[in-house]
Amino acid sequence: MPAKIYRPAKTAMQSGKAKTHLWVLEFDQEIPRKIDPIMGYTSSADTRQQLKLTFETQEQAEAYAQRNGIEYRVLAPKDANRQVVSYTDNFRFNRIQPWTH
């Protein structure tokens with residue numbers, strides 16, 4: 001069963017970078033999900049899909065996958081490009097856009 005190894009991005013609900021320094025090994029979906037005809041619940045017989053393993057480094061995650069014969073792919077993390085913006089730039093005399101409330 002193939003798996004992916006990645007470092008999760010920060011969620012939109014947080015301003016800090018909590019839980020983004022760990023690497024996650026997550027199994028791919030192997031059996032398609034089914035919809036229960038009576039209740040409408042979505043279910044799957046694939047229990048490995050619920051499993052998420054966390055590691056301190058990418059190398060540890062890759063070593064674990066190789067030791068256990070797990071086929072894996074590594075998704076490189078994308079770091080955010082932050083623009084440094086000064087509050088005083090809002091009041092510059094040569095501002096491109098006019099300042100409004």
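We number each residue from 1, following the sequence as shown.
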Is the shortest side-chain heavy-atom distance between V74 and Q58 below 4.5 Å? yes
With a 4.5 Å cut-off on side-chain heavy atoms, are L25 and F55 touching? yes
Could you walk me through whether I35 and Y41 satisfy the side-chain contact (heavy atoms from CB on, under 4.5 Å) test, starting with their C-alpha distance in whole Å, then the side-chain angles of each, then the deciding distance to 0.1 Å, before giving a yes or no? CA-CA 6 Å; I35 298 175; Y41 296 145; over 6 Å; no
Indicate every side-chain donor-acceptor pair of residues 63-72 with a distance under 3.5 Å to a residue at least two apart or in another chain.
| from | atom 1 | to | atom 2 | distance (Å) |
| --- | --- | --- | --- | --- |
| Q66 | NE2 | Y72 | OH | 3.0 |
| N68 | ND2 | Y64 | O | 3.0 |

If you link I, L, V, M, F, W and Y whenever their side-chain heavy atoms are under 4.5 Å apart, who else ends up in the same group as V85? none
So the salt bridge (charged side-chain N to carboxylate O under 4.0 Å, His left out) pairs with at least one residue in residues 27-51 (sequence neighbours excluded) are D28-R73
I need the full list of salt bridge (charged side-chain N to carboxylate O under 4.0 Å, His left out) pairs touching residues 55-64, with sequence neighbours left out, sorted by first then second residue. none
My understanding is that only residues two or more places apart in sequence, or in another chain, count here; which of them pass side chain to side chain contact (heavy atoms under 4.5 Å, CB included) with T47? none
Determine the minimum heavy-atom distance between W23 and T57, stating which atoms define it. CD1-C, 3.5 Å
If hydrophobic clusters are built from ILVMFWY residues whose side chains come within less than 4.5 Å, do L75 and V24 share one? yes
I'd like a table of donor-acceptor pairs (distance under 3.5 Å, sequence neighbours excluded) in which one partner is a side-chain atom from residues 1-10, with atom names and distances.
| from | atom 1 | to | atom 2 | distance (Å) |
| --- | --- | --- | --- | --- |
| Y6 | OH | E26 | OE2 | 3.3 |
| R7 | NE | T20 | O | 3.3 |
| R7 | NH2 | D79 | OD1 | 3.2 |
| K10 | NZ | Q14 | O | 2.8 |

